[in-house]
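Any value given below was found using the heavy atoms of this structure, including those in side chains, with hydrogens, waters and symmetry copies removed.
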Amino acid sequence: MNSNGMVQVDHIYGYAKVSWPQYCRLDGPVARRVLLALSHYTSGHYTLPNYVALSRAHQMFSEGKAKATNMTLGMSILVPADDATFIISRSNPPNSTVDPTPIALGETILWDKRFKITLSQLEPRTPPTSKQFLIRHMIKADWVLARKGIRKVRTMALPPEMIRGGLPVIVNKDGKVVLIPHFRVIERSAGVVCELKFAPEKSLEYCLLGCYEMQGKL
């Protein structure tokens, strides 16, 4: 994680961890701007603020009530991590509302506006079974496969359970899982591998600046 005082951004799994005490010391308008900027950055969706939801979230955080519950804010979810920190990340999208994103062999795309994914051939002498694949959000059934990859790398740092649904899974045209890149799951018979990087379209600094310019609406 890269630390920036009050906020720590996990650039592997794409979430932010925020210090409760430091957040609660911020003035109301500043605190709301920070919350909105983190929501924009970690979700990859830059929508105008819902003032009521933003104010309610800020109030619950300031009064300590949010330590006992999860909250949603736009496309983000806010989850208490412990008594000193909370986590903000992309909320788990309902499976029925999100279509898989096509990706071709050799292509690089920005998936879900957050993760830059490049699909390539696993081995030069092993042709892939297809040149067309799909990327979808992780579901509970994928965790069984993910745990196998985790056991191979015992030192792997795992993300909070609540944010797993915002992570990518690559499948073939029949829906069979080919790659779960965050958890080192590779179906070698498919003949493909991917590179992945958390890379939202806009930087955290840009999001903070944008929310500062919205201050009259917050």
Inset, instruction - On the 0 to 90° scale, with breaks at 30° and 60°, tag the Phe198-His11 ring pair as parallel, tilted or perpendicular. - result: tilted
Inset, instruction - Test Phe133 against Val178 for side chain to side chain contact (heavy atoms under 4.5 Å, CB included), laying out the working first. - result: CA-CA 9 Å; Phe133 295 86; Val178 172; 4.0 Å; yes
Inset, instruction - Starting at CD1 of Ile170, measure out to CD1 of Ile135 and round the result to the nearest 0.5 Å. - result: 5.0 Å
Inset, instruction - Could you please spell out the steps behind the side chain to side chain contact (heavy atoms under 4.5 Å, CB included) verdict for Val192 and Thr129? - result: CA-CA 8 Å; Val192 294; Thr129 55; over 6 Å; no
Inset, instruction - Report yes or no: do Glu187 and Ser189 form a side-chain donor-acceptor pair below 3.5 Å? - result: yes
Legend entry - Distance (rounded to the nearest 0.5 Å) between Arg90 CZ and Leu167 CG: 11.0 Å
Legend entry - Sub-4.5 Å side-chain heavy-atom contact between Met138 and Pro168: no
Inset, instruction - Please round to the nearest 0.5 Å and tell me the distance separating atom OG of Ser89 and atom OH of Tyr13. - result: 12.0 Å
Inset, instruction - Report yes if some heavy atom in the side chain of Leu35 is under 4.5 Å from a heavy atom in the side chain of Leu78; otherwise report no. - result: yes
Inset, instruction - Report the relative orientation of the aromatic rings in Phe115 and His182; use parallel for angles under 30°, tilted for 30 to 60°, perpendicular for over 60°. - result: perpendicular
Legend entry - Exercise: identify the closest heavy-atom pair between Ala146 and Val185: CA-CG2, 3.7 Å
Legend entry - Glu107 CD: over 12 foreign heavy atoms closer than 6.0 Å: yes
Inset, instruction - Can you see which heavy atom on Thr85 is nearest to which on Ser19, and at what distance? - result: CG2-CA, 4.3 Å
Inset, instruction - Indicate yes or no: at least one non-hydrogen side-chain atom of Ile180 is less than 4.5 angstrom from one of Leu145. - result: yes
Inset, instruction - Report yes if some heavy atom in the side chain of Trp111 is under 4.5 Å from a heavy atom in the side chain of His137; otherwise report no. - result: yes
Legend entry - Full working for salt bridge (Lys or Arg N to Asp or Glu O under 4.0 Å) between Glu123 and Arg188: CA-CA 9 Å; Glu123 297 176 0; Arg188 300 187 69 86; 2.8 Å; yes
Legend entry - Sidechain-backbone polar pair: Trp20 side chain, Pro80 backbone, donor-acceptor under 3.5 Å: no
Legend entry - Gln132 versus Ala104, closest heavy-atom pair with distance: NE2-CB, 3.6 Å
Inset, instruction - Output, in order, the C-alpha distance, side-chain angles, deciding distance and verdict of side chain to side chain contact (heavy atoms under 4.5 Å, CB included) for Tyr41 and Glu201. - result: CA-CA 9 Å; Tyr41 180 65; Glu201 289 179 309; over 6 Å; no
Legend entry - Ring centers of Tyr23, Phe86 separated by less than 6.0 Å: yes
Inset, instruction - Begin from the C-alpha positions of Cys194 and Thr118 and carry the test side chain to side chain contact (heavy atoms under 4.5 Å, CB included) through to its verdict. - result: CA-CA 5 Å; Cys194 79; Thr118 301; over 6 Å; no
Legend entry - Nearest heavy atoms of Tyr15 and Ile163, plus distance in Å: CD2-CD1, 3.2 Å
Legend entry - Minimal non-hydrogen separation, Ser39 against Ser76, with atom names: OG-OG, 2.9 Å
Inset, instruction - Using a strict cut-off of less than 4.0 Å between a Lys/Arg side-chain nitrogen and an Asp/Glu carboxylate oxygen, indicate whether Arg114 and Asp112 qualify as a salt bridge. - result: yes
Inset, instruction - Over all heavy atoms of both residues, which pair between Val193 and Gln121 is shortest? Give the atoms and the distance, please. - result: CG1-O, 4.0 Å
Inset, instruction - To the nearest 0.5 angstrom, please state how far the OG1 atom of Thr42 sits from the CG atom of Asp10. - result: 11.5 Å
Legend entry - Note, Val34 side chain near Met6 side chain (heavy atom, < 4.5 Å): yes
Legend entry - Ile103 with Leu110, same ILVMFWY side-chain cluster at under 4.5 Å: no
Inset, instruction - Check whether any side-chain N or O of Ser91 sits under 3.5 Å from a backbone N or O of Met75 as a donor-acceptor pair, and report yes or no. - result: yes
Inset, instruction - Output the distance between atom CG (Asn172) and atom CG (Leu134), rounded to the nearest 0.5 Å. - result: 8.0 Å
Inset, instruction - For atom CG of Leu158, decide whether the heavy atoms of other residues, nucleotides or ligands shown that lie under 6.0 angstrom number more than 12. - result: yes
Legend entry - Residue that, paired with Leu119, satisfies side chain to side chain contact (heavy atoms under 4.5 Å, CB included) out of Leu196, Thr108, Leu179: Leu179
Inset, instruction - For residues Asp142 and Arg136, determine if any side-chain heavy atom of one lies less than 4.5 Å from a side-chain heavy atom of the other. - result: yes
Inset, instruction - Rounded to the nearest 0.5 Å, what's the gap from OG on Ser43 to CG on Leu73? Could you check? - result: 9.0 Å
